[in-house]
Amino acid sequence: MIDITLPDGSVRQFVDGATGYDVAASISEGLARNALGVRVNGEVRDLHRPIEQNANIEILTWNDQAGKATFWHSSAHLMAEALEALYPGVKLGIGPSIENGFYYDVDFGEGRSISSDDFVNVEKKMLELAKNKSQYVRREVPKAEAITYFEEKGDPYKLDLLQGLEDGTITFYTQGGFTDLCRGPHIPDTSPIKAVKLMNVAGAYWRGDEKSKQLTRIYGITFPKAKELSEYLERLEEAKRRDHRKLGKELELFAFSDKVGAGLPLWLPKGTALRERLEQFLRRAQVKAGYLPVVTPHIGSKELYVTSGHYEKYGADSFQPIKTPNPGEEFFLKPMNCPHHCEIYKTKPRSYRDLPLRLAEFGTVYRYEQSGELHGLTRVRGFTQDDAHIFCRPDQVKEEFLKVIDIVLYVLKALDFPDFTAQISLRDPENKTKYIGSDENWARAEAAIQEAAQEKGLKTVTELGEAAFYGPKLDFMVRDAIGRKWQLGTIQVDYNLPERFDLEYVASDNSRQRPVMIHRAPFGSLERFVAVLIEHCGGNFPLWLSPEQFAVLPISEKYQDYAQQVYDRLMQAELRGSLDSRDEKIGRKIRDAEMAKVPYMLIVGEKEQENGIVSVRRHGEGDMGSMPIDAFIRNFQDQVNEMTQAI
RNA sequence: GCCGUUUUAGCUCAGUGGUAGAGCACUUCCUUGGUAAGGAAGAGGUCAUGGGUUCAAAUCCCAUAAAUGGCUCCA
């Protein structure tokens with residue numbers, strides 16, 4: 001008999017050789033029916049593989065990430081079987097599960113290919129095969145036999161993979177008429193695969209090596225229920241609708257021009273209104289938190305970057321130096337603001353009493369991203385960081401972290417990102433030599449970050465070995481309205497630059513000490529943040545940020561003068577908006593304003609003019625009734641104040 | 001950077017080896033209206049750029065540029 005420990009801690013006894021299925025069946029019939037695999041002492045295995053000894057067991061279903069991965073990996077095999085049936089002689093590479101679905105790398109042979117038009121046939125074949133309820137059968141195979149099998153089959157990629165495998169560890173999985181070299185695990189049989197969708201094809205090199213042959217990678221996803229597939233596709237559609245590149249164009253926020261250059265965004269008037277509002281918002285919060293705004297140039301001399309160490313790092317793969325008529329003189333576009341700020345620190349002797357010194361700048365930097373890396377506003381070649389550098393004493397690190405966390409939390413609250421986690425990146429304790437800075441300072445800073453995060457009650461994950469060579473960091477990851485994760489704000493400790501720039505302060509005992517530098521950017525960059533914000537709110541920005549907060553819509557030309565008065569009054573009150581004086585019917589003006597996602601539409605006609613009121617319509621909600629202009633303004637300002645109130 | 005796909009009017013997109021198309025937007029006129037599209041007329045394009053094939057290229061071929069999906073998630 002063996003003892004099986006379940007996740008709730010209870011222990012049950014089973015006969016030797018019992019399987020995960022037996023365990024599931026002993027719990028409930030439903031669980032046995034839905035089980036896809038089993039985790040045995042942390043290792044995911046086939047449900048029907050015998051368990052040899054006492055173990056901790058967790059039954060995996062569709063609700064577990066590991067269960068999904070097993071399901072999708074098995075689906076990749078099913079797709080391979082379908083491809084072999086439809087394209088005889090196709091050569092198979094690898095076919096793993098991925099975050100959403102699976103892929104298989106295949107070689108169709110000379111002159112043959114697949115396009116998305118062929119997907120329907122493959123999907124049909126997969127569903128047909130799945131209905132056979134073929135079992136996924138695991139078999140341990142001696143290496144020699146495995147080699148013979150694939151030599152006969154003529155599959156060079158599998159043979160290549162076998163090269164790297166130890167005899168005795170090789171397993172085959174067979175379902176229906178298809179056998180694959182595979183470590184597993186797999187679901188019991190093909191029948192749960194009820195819905196199939198092939199997503200796209202892409203080229204991929206064998207083993208990711210550019211010099212190897214290019215294979216065709218086919219991506220797909222499967223589900224146990226047709227409804228789940230349609231929900232998944234609906235989510236993809238929703239993401240497409242919210243795509244910041246599409247909304248940015250439709251709402252006239254930003255644009256790109258080939259003449260200006262790839263990855264260099266042009267901020268249009270409405271996008272600029274949004275961006276300046278964000279800047280202003282953070283600027284105010286920072287002034288309250290004791291930051292000192294500074295401004296530095298967009299370029300710096302070669303010497304600056306030799307000192308900072310960026311010169312070595314940003315070589316031939318980056319923007320090239322700017323030359324001057326003066327031989328030998330070279331300038332670089334700044335890839336970050338830190339070196340300039342270090343030079344500001346050095347403009348005069350600093351006392352321990354001056355610290356912390358917090359220098360803030362919305363600094364525009366330029367980095368030459370590879371052309372394939374560019375993506376809308378999230379990955380660009382010129383962008384503006386909401387940067388600041390805090391120069392402080394080692395004993396002040398924790399307090400400064402607490403204060404920065406406050407700012408980040410303020411930003412996340414005002415912009416309605418309730419769901420976020422903080423990632424603490426520490427040194428690799430096994431390999432302390434690759435980091436710069438004293439052991440004592442590292443220990444102190446790491447403790448400071450952890451304590452600060454804990455005191456603020458942040459939901460944290462700690463990653464060892466993820467710290468930069470120059471210091472530990474804290475990154476904020478947010479989850480947006482449709483469940484996607486983004487990395488935004490970052491706080492990093494830096495021991496490197498103070499060293500390189502030989503920064504000092506005079507301590508109370510008149511000794512010279514090295515300050516610690518903290519880099520921090522609550523938004524990350526304005527470009528990236530705006531992109532995430534657009535997708536988060538689907539273009540319906542919080543009222544205080546909206547580039548166009550209201551539109552005055554006169555019913556006809558007769559009320560043009562009154563409409564103008566209303567508009568002027570709102571502009572005086574520092575609301576942003578427009579007056580639609582086109583010769584169109586009111587229905588049309590409302591439709592256009594709704595499409596432009598304008599939060600408030602103010603309709604004015606005969607009765608509004610007579611009574612000095614406005615009829616208010618809220619975007620997406622409809623008619624809110626009428627009220628005096630000043631009442632509307634008060635109401636509006638109350639809403640804005642509530643949203644941007646300090647926490 | 002590498003591989004695939006794409007590039008036609010301001011936008012979204014049809015189209016074909018033989019005179020360039022639609023809807024929306026824009027301009028003008030009619031219409032003066034009450035909570036998501038009133039009507040008519042008009043203007044607008046070297047079909048991304050540069051080469052080549054052809055009697056003829058926006059269409060076929062090559063190169064370049066940009067956009068886009070991949071190139072990491074190990075049988």
Side-chain angles (χ1 to χ4, degrees), chain A residues 69 72-73 76-77 80 92-105 113-116 141 146 150 155 157-165 169-173 179-184 199-219 243 245-246 249-250 252 255-264 316-317 368-376 553-560 582-596 598 601-608 615-626:
Chain A
W72 284 330
H73 185 191
H77 280 227
L92 301 168
I94 60 169
S97 69
I98 51 176
E99 195 181 339
N100 287 304
F102 57 88
Y103 67 79
Y104 219 114
D105 283 346
S113 64
I114 190 169
S115 78
S116 45
V141 183
F150 283 109
D155 211 325
Y157 305 105
K158 297 294 179 188
L159 286 168
D160 189 19
L161 290 170
L162 277 168
Q163 295 265 315
L165 296 179
T169 63
I170 294 167
T171 50
F172 277 11
Y173 275 83
T179 297
D180 202 358
L181 172 67
C182 181
R183 181 164 44 199
M199 304 304 294
N200 52 15
V201 283
Y205 295 105
W206 174 238
R207 293 187 168 242
D209 180 355
E210 229 174 81
K211 294 179 196 78
S212 297
K213 192 169 164 56
Q214 174 119 23
L215 305 180
T216 305
R217 176 166 297 180
I218 305 175
Y219 288 87
D243 192 314
R245 294 168 298 184
K246 177 173 170 285
K249 194 183 266 181
E250 283 173 8
E252 298 180 8
F256 290 92
S257 149
D258 284 3
K259 276 216 176 70
V260 174
L264 299 169
D317 294 334
Y368 191 80
E369 301 292 347
Q370 289 194 347
S371 61
E373 297 286 335
L374 298 175
H375 180 92
L553 312 179
I555 297 226
S556 85
E557 279 175 13
K558 283 189 253 170
Y559 314 108
Q560 191 61 237
R582 291 177 304 166
D583 178 12
E584 291 289 351
K585 289 169 89 163
I586 191 66
R588 178 49 181 276
K589 293 184 183 180
I590 287 171
R591 180 185 150 81
D592 288 348
E594 287 281 353
M595 302 279 280
V598 178
M601 284 150 274
L602 303 174
I603 291 126
V604 295
E606 189 178 358
K607 66 175 194 259
E608 286 78 12
S615 281
V616 180
R617 184 188 162 99
R618 178 84 221 219
H619 169 72
E621 288 174 32
D623 197 348
M624 315 286 283
S626 54

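Since we're looking at a predicted model, the values are computed, not measured. Just so it is clear: chains get the letters A, B, ... in the order the sequence lines come, proteins before strands, and each one is counted from 1.
- Per the geometry, CG belonging to L162(A) stands 18 Å off P belonging to C74(B), to the nearest Å.
- Computed from coordinates, the I94(A) CD1 to C71(B) P distance equals 11 Å when rounded to whole Å.
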I'd like a table of atom pairs between the protein and nucleotides 67-69 of chain B - only N or O on both sides, under 3.5 Å - with the distance next to each one.
unit_1: U68(B); atom_1: OP1; unit_2: R245(A); atom_2: NH1; d: 3.1
unit_1: G69(B); atom_1: OP1; unit_2: R245(A); atom_2: NH1; d: 3.3
unit_1: G69(B); atom_1: OP1; unit_2: R245(A); atom_2: NH2; d: 3.2
unit_1: G69(B); atom_1: O2'; unit_2: N200(A); atom_2: ND2; d: 3.1

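- In this structure R245(A) satisfies the side chain to side chain contact (heavy atoms under 4.5 Å, CB included) test together with D243(A), H375(A), sequence neighbours excluded.
- Take the nearest nucleotide of RNA chain B for T169(A) and for R217(A): the residue whose nucleotide is more 5' is R217(A).
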task = Quick one: the dot-bracket string of RNA chain B, using Watson-Crick and G-U wobble pairs with both distances under 3.5 Å, [ ] for crossing pairs and | for bases paired to another strand.
result = (((((((..((((....[..)))).(((((.......))))).....(((((..]....))))))))))))....
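- The residue L92(A) sits apart from the nucleic acid: no heavy atom pair falls under 4.0 Å.
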Atom pairs, N/O to N/O, protein against nucleotides 9-13 of chain B, distance under 3.5 Å?
unit_1: U12(B); atom_1: OP1; unit_2: K249(A); atom_2: NZ; d: 3.2

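- In this structure, Y219(A) reaches the sugar-phosphate backbone alone: every heavy-atom distance under 4.0 Å involves primed, P, OP1 or OP2 atoms, never a base.
- C71(B) atom P lies 17 Å from atom OH of Y104(A), rounded to whole Å.
- Distance check on atom P: A57(B) versus U12(B) gives 30 Å, rounded to whole Å.
- A66(B) atom P lies 13 Å from atom CD of Q370(A), rounded to whole Å.
- Taking K589(A) as the reference, nothing meets the salt bridge (charged side-chain N to carboxylate O under 4.0 Å, His left out) condition, with sequence neighbours excluded.
- Nucleic acid contact for I590(A): base, since at least one base atom lies under 4.0 Å from a heavy atom of the residue.
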inquiry  = For a quick check, with a 4.0 angstrom heavy-atom cut-off, what is the B/S/- contact string for nucleotides 28-34 of chain B, read 5' to 3'?
reply    = --BBBBB
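- A donor-acceptor pair shorter than 3.5 Å can be found between the side chains of S615(A) and E608(A).
- A salt bridge links E594(A) with R617(A): at least one charged nitrogen is closer than 4.0 Å to a carboxylate oxygen.
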